[in-house]
Amino acid sequence: MPEFNLLYTGLLIAGVIAFTQGFVAYLILAERKVAAWVQDRLGPNRVGPFGLLQPIADGGKLFLKEEVIPSHVDKIFFVLAPIVAFSTALLALAVVPVGTTVAPPGPQETLAAFNETQAEYASHFSMVIVPGLDIGILYSFAIGSLAVYGVILAGWSANNKYSLLGSLRSSAQIISYEIPLGMSVVGVLLFAGSMNLETIIAWQAKHGWNLFYQPLAFLLFMTSVYAECNRLPFDLPEAEQELVGGYHTEYSSSMKLGLMLMAEYIHMITTSFLMSILFWGGWSLFGVEDLVTDPIGSAVLKTAILGGKMTAFVGLYLLVRWTIPRFRFDQLMTLAWKVMMPLALLHLVAALIVRQFNLPLVSLTGMSLALFVGAGFIAARSGGPNNLPRRPAKHAVRETVGV
Amino acid sequence: MPIAEQDVKWVQEPKLGLFGQLYLPLVMDGLTTTISHMFQKKVTEQYPEQEPKLPANYRGVHRLNRDHDGHVKCVACYMCATACPAHCIDIVAAPAPVGWTDREKYPETFVIDELRCIYCGMCEEACPVDAIELTTLYDLTGLSREQMIFDKEKLLSVFDMTTKAGTDPVRTQAGKLGPASEAPPQK
Ligand code: SF4
Ligand code: SF4
């Protein structure tokens with residue numbers, strides 16, 4: 001383990017929190033801007049140049065608004081819910097590398113060699129709040145799924161049927177999607193031989209990105225995190241058209257609502273980091289990261305590469321929101337239980353086979369793609385979902401709309 | 001009346017082939033549309049800075065037109081006040097001043113309550129001498145109810161303003177003045 005340095009850790013925590021807050025503020029602006037652009041509008045542009053001061057105005061408004069607590073709510077949990085949501089969202093960031101990292105050394109033959117590698121490891125610095133934590137990704141998932149408590153508490157304490165429906169949907173959704181989420185990364189962990197995110201990046205820097213070996217796993221992971229973040233097309237917990245505001249209906253637009261929304265956006269950031277780290281090689285970019293040899297310069301470059309990947313994924317979140325319409329609840333469950341879970345399981349088996357028999361890694365790429373196409377083929381042969389609304393057969397007109 | 005069964009056309013959802021069942025190509029298709037819209041020309045009008053271009057037949061604030069001598073064109077025939085569904089036009093007629101040879105009467109006062117008006121344009125339609133017109137001024141504001149009651153001077157000043165600015169040329173031209181200005185036939 002590297003030495004625990006209070007100053008260094010404190011600075012990093014402050015830095016990460018400040019960065020996420022600022023990023024979230026501008027992410028909300030970006031969301032509104034992208035929403036506007038996709039709809040051929042201009043978006044907020046009144047506060048400051050190009051509306052760049054809008055987040056500050058919004059934040060100020062949230063802070064200054066009266067904190068309304070309706071008389072029919074369970075006060076303790078009502079206040080606790082945003083706090084839980086926000087703090088768990090922040091906690092999950094603790095193990096996520098936000099920049100350059102060095103993998104902790106593995107076990108060594110002799111004590112001397114061990115001491116030497118440890119000293120060598122301690123001389124580098126990693127941009128992770130908790131470097132060298134071996135349960136890494138497991139911790140992140142565990143804390144991440146605690147976030148559903150915020151949603152459930154909010155929905156239940158609000159004493160309002162819409163909120164409750166929203167939070168019930170959310171719990172069902174998150175429980176379902178945790179499974180493919182967890183299973184899709186097991187393949188990655190198998191090859192890296194560690195759950196430590198720094199080691200996973202180092203493995204990819206050496207062997208190539210996981211995306212190329214396990215494209216299906218990435219797809220499953222990405223779909224699951226969209227569901228975990230309650231983002232469209234899986235935003236059923238807060239489906240405005242059906243549930244007023246979903247689980248945060250009773251929160252007036254004060255700081256409590258602000259915390260809820262910020263928690264959601266922090267989840268987006270965390271999961272974007274995770275996607276880039278687990279499947280897109282973290283700070284590695286086809287050798288570009290080795291071009292700069294100067295330690296400070298290379299740290300900056302690696303951080304920029306990782307940050308760029310993360311921003312790209314966040315951008316994708318914003319675009320997908322305006323591309324795919326919301327799923328129906330039965331479709332959501334069908335997708336998780338009948339499609340993603342079997343696929344994730346089969347993919348895991350494929351990864352196990354490749355690992356056990358030491359097959360070349362590219363064979364896993366083939367298996368991954370074959371599984372994907374095979375699933376599509378089976379779906380096409382079985383004639384798609386059988387839960388479409390039934391029509392009287394004698395009047396059925398087969399129209400080919402689009403496709 | 002219920003819709004007859006044969007008038008109902010059931011549309012079946014299209015079956016997706018292998019291509020569609022793979023989802024990704026269709027998602028990509030959707031994403032391309034989304035992204036292409038991001039860079040398309042925006043339709044937003046930046047209102048206070050960028051004035052909207054209104055069609056000439058927009059029905060905004062009224063004006064009272066002037067004739068060639070600069071007099072008010074109105075001959076106080078009360079047609080507009082009669083036609084007005086909101087009863088917001090109030091006219092007091094008086095014999096035309098000496099020298100106004102083309103008519104018998106003129107309005108001594110002519111008041112429109114712009115708050116009661118529903119901007120239907122009936123007054124404009126009714127006027128036989130094309131004296132009243134609705135302009136394209138749309139951003140009418142005032143600090144009190146009294147301010148929104150427009151008298152003859154104010155309505156004439158709207159005419160001066162809009163014709164000078166060129167936004168509202170005099171649209172209707174019916175002869176010298178019109179039948180309502182003619183002297184009654186001598187018995
Ligand atoms: S626009 Fe209609 S409501 Fe207004 S004054 Fe003319 S006739 Fe009356
Ligand atoms: S109809 Fe025309 S001429 Fe007659 S009173 Fe009204 S504005 Fe004057």
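Side-chain atoms are counted along with the backbone in the values below, which use heavy atoms only and exclude waters and symmetry mates. Below, chain A is the first sequence line, B the second, and so on; all start at residue 1.
Applying the 6.0 Å contact sphere to CE of M122(B) captures no more than 12 heavy atoms from other residues, nucleotides or ligands. Counting heavy-atom neighbours within 6.0 Å of R145(B) CZ, excluding the residue itself, gives a total of 12 or less. Counting heavy-atom neighbours within 6.0 Å of F50(A) CZ, excluding the residue itself, gives a total of 12 or less. Around the OH atom of Y138(B), the shell of radius 6.0 Å holds more than 12 heavy atoms that belong to other residues, nucleotides or ligands.
You'll find the side chain of Q39(A) stays beyond 4.5 Å of the side chain of M38(B), heavy atoms only. Between T34(B) and V320(A), every side-chain heavy-atom pair lies at or beyond the 4.5 Å cut-off. Inter-residue side-chain proximity for L31(B) and I324(A) is flagged as unmet; no heavy-atom pair is nearer than 4.5 Å. The closest side-chain heavy-atom distance from W37(A) to Q40(B) is not below 4.5 Å. A 4.5 Å side-chain heavy-atom check between K41(B) and D40(A) finds every atom pair outside the cut-off.
Ranked by heavy-atom pairs shorter than 4.5 Å toward chain B, the options N45(A), V373(A), T323(A) are led by T323(A).
Proximity to chain A is limited to the side chain of P48(B), based on heavy atoms less than 4.5 angstrom apart. The contact between L42(A) and chain B is made by backbone and side chain atoms together, counting heavy-atom distances below 4.5 Å. The contact between E49(B) and chain A is made entirely by side chain atoms (from C-beta outward), counting heavy-atom distances below 4.5 Å.
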